[in-house]
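Accompanying notes for the structure given below.
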Number of protein chains: 2
Amino acid sequence: MVQKGYGGTSISDIAQVVGMTKAGLYHHIAGKQDLLFQILQHAHDEMERLVIEPAKQVGDPERRLIEITRRHVRGILDGGLEFTLLYRERHHLDDAQQETIALRTRAYLALVGATLQELAMEGKLRDLDIQIGTIHLLKTISGIADWYPMFSEIDEDHLVEQTVNFGLSAILKR
Amino acid sequence: MVQKGYGGTSISDIAQVVGMTKAGLYHHIAGKQDLLFQILQHAHDEMERLVIEPAKQVGDPERRLIEITRRHVRGILDGGLEFTLLYRERHHLDDAQQETIALRTRAYLALVGATLQELAMEGKLRDLDIQIGTIHLLKTISGIADWYPMFSEIDEDHLVEQTVNFGLSAILKR
DNA sequence: AAAAACCTACCGATCGTTCGGAAATCTTGT
DNA sequence: ACAAGATTTCCGAACGATCGGTAGGTTTTT
């Protein structure tokens with residue numbers, strides 16, 4: 001579904017991959033739409049487990065921002081955050097489900113936004129719009145999932161550090 | 001198709017929007033797959049017309065980079081580059097079509113990459129991986145098309161300038 | 001024996017695509 | 001200026017295939 005999209009992936013396709021028939025699979029899921037919802041919930045669970053919770057342990061905002069970037073990129077490269085790519089298929093959900101997902105997404109955005117706010121009060125921030133800076137930073141990171149498969153010759157550690165440098169240079173006075 | 005994806009958009013949907021039956025529509029297109037290909041070609045045509053060609057007129061690499069960023073963001077916000085979002089549906093094309101699109105995409109990447117190379121020779125560039133920096137910059141820009149509809153209260157001119165600042169700060173010594 | 005997991009077979013709906021013909025438009029001869 | 005013919009545009013109807021989903025029964029596990 002990550003590769004072919006929600007509409008391009010049939011229940012039969014999924015059943016075949018997990019070694020079942022379509023009817024057998026339906027014993028475990030409530031429907032295609034609900035399956036997408038569960039996957040997106042799982043994606044956010046992994047996001048919180050791998051990125052948000054560890055980052056919240058870091059008191060210093062600059063170190064926290066680095067921690068967020070490192071862990072987020074690392075999670076993408078390790079495949080642990082693979083399903084976050086399906087966020088772009090959220091319009092297939094009903095309104096209540098979309099709101100649930102939107103809330104969790106906004107929570108992550110708020111964490112990064114608050115971190116930038118702290119950095120601003122410490123005078124470390126460039127003269128930039130915090131909201132836009134936050135979104136741009138997160139888009140730079142999450143965008144890696146889109147293009148990295150096509151540039152897999154790039155060393156993973158190198159990409160992590162380059163991304164940290166890119167993001168921090170864009171945001172902090174240096 | 002931009003909103004609902006390739007698989008989620010039927011020929012009937014398209015025909016209805018353009019005020020025809022699908023049989024009538026089929027007089028103008030060769031098939032759904034070829035329609036996507038034509039749209040992506042058109043997207044690249046617009047990209048060249050609105051961004052690449054004007055940018056190539058600029059000799060100074062720093063001013064050229066600013067020109068690319070401004071025009072690309074402007075094109076997204078004005079809707080002129082709307083169809084570039086369908087680049088993510090390129091896997092629905094056959095191999096030959098994918099290669100054609102990949103070539104044009106690489107050409108744009110090469111333009112930005114060469115500009116960063118010039119800036120490096122002028123000593124204006126940060127210590128960064130040019131390839132990764134190029135991709136991150138372009139992802140920051142093109143990513144706007146993903147999230148701007150949800151933050152439409154942001155002033156367009158403000159967003160353009162903030163994006164230029166974000167990108168240049170990430171890349172240039174300042 | 002109870003429950004969970006799974007399958008065969010099928011449902012109505014919709015998918016992309018095609019075909020023959022009807023309108024509508026354009027070109028041409030006079 | 002206008003009718004005749006040619007072309008383009010569009011539609012109704014249908015095609016085989018596949019879609020998401022279900023009913024009922026069989027196998028496997030507890």
Side-chain angles (χ1 to χ4, degrees), chain A residues 1-46 82-102 104-105 146, chain B residues 1-46 82-102 104-105 146:
Chain A
M1 195 179 282
V2 169
Q3 293 162 4
K4 305 203 293 180
Y6 178 82
T9 306
S10 71
I11 296 290
S12 307
D13 292 338
I14 300 172
Q16 189 179 335
V17 165
V18 300
M20 260 190 274
T21 57
K22 197 166 47 152
L25 177 61
Y26 259 92
H27 189 263
H28 300 276
I29 68 176
K32 193 184 182 184
Q33 176 183 296
D34 192 66
L35 174 61
L36 175 63
F37 180 60
Q38 300 299 333
I39 293 174
L40 284 177
Q41 290 277 45
H42 175 73
H44 274 289
D45 291 343
E46 288 296 280
E82 187 184 4
F83 299 123
T84 55
L85 271 168
L86 290 176
Y87 179 69
R88 62 177 165 214
E89 306 276 6
R90 64 191 181 280
H91 55 272
H92 292 284
L93 304 176
D94 62 41
D95 289 349
Q97 290 170 331
Q98 283 194 41
E99 189 56 33
T100 302
I101 298 299
R104 302 187 72 172
T105 306
D146 291 330
Chain B
M1 194 179 281
V2 170
Q3 292 163 4
K4 304 203 294 181
Y6 179 82
T9 306
S10 71
I11 296 289
S12 305
D13 292 338
I14 300 172
Q16 189 178 338
V17 166
V18 300
M20 263 193 274
T21 57
K22 56 179 174 169
L25 177 61
Y26 257 91
H27 188 262
H28 300 276
I29 67 176
K32 194 184 180 184
Q33 175 182 298
D34 191 68
L35 174 61
L36 175 61
F37 180 61
Q38 300 299 334
I39 293 175
L40 284 177
Q41 291 276 46
H42 175 73
H44 275 289
D45 291 342
E46 287 297 281
E82 188 184 4
F83 299 123
T84 56
L85 272 169
L86 290 176
Y87 178 70
R88 61 178 166 212
E89 306 276 7
R90 64 189 181 281
H91 55 272
H92 291 284
L93 304 176
D94 62 41
D95 290 349
Q97 290 170 331
Q98 282 193 42
E99 189 56 33
T100 302
I101 298 298
R104 302 187 72 172
T105 306
D146 290 330

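Below, chain A is the first sequence line, B the second, and so on; all start at residue 1. Values below: all heavy atoms of this structure, side chains included; hydrogens, waters and symmetry mates excluded.
In this structure, the side chain of B:R104 does not engage the main chain of B:I101 through any donor-acceptor pair within 3.5 Å. The backbone N or O of A:T9 lies less than 3.5 Å from a partner atom in the side chain of A:K32, making a donor-acceptor pair. Proximity of a side-chain donor or acceptor of B:Y6 to a complementary backbone N or O of B:R90 within less than 3.5 Å is not detected. A:Q97 places no side-chain N or O within donor-acceptor distance of the main-chain N or O of A:F37, the cut-off being under 3.5 Å.
Here A:T21 lies in heavy-atom contact (under 4.0 Å) with a base.
Within 6.0 Å of CD in A:Q33 there are more than 12 heavy atoms belonging to other residues, nucleotides or ligands. When the shell of 6.0 Å around CD of A:Q38 is examined, it contains more than 12 heavy atoms from other residues, nucleotides or ligands.
Checking A:A23 against A:D13, the closest nucleotide of DNA chain D that is more toward the 5' end is the one next to A:D13.
For DNA chain C, the contact window with chain A, defined by any atom under 4.0 Å from a protein heavy atom, covers C:dA4 to C:dT8 in 5' to 3' order. On the nucleic acid side, DNA chain D has its first and last nucleotide under 4.0 Å of a heavy atom of chain A at D:dC19 to D:dA23, going 5' to 3'.
Applying the side chain to side chain contact (heavy atoms under 4.5 Å, CB included) criterion to A:Q3, with sequence neighbours excluded, gives no partner residue.
Note that the CD1 atom of A:I39 and the OG1 atom of A:T84 stand 12.0 Å from one another [nearest 0.5 Å].
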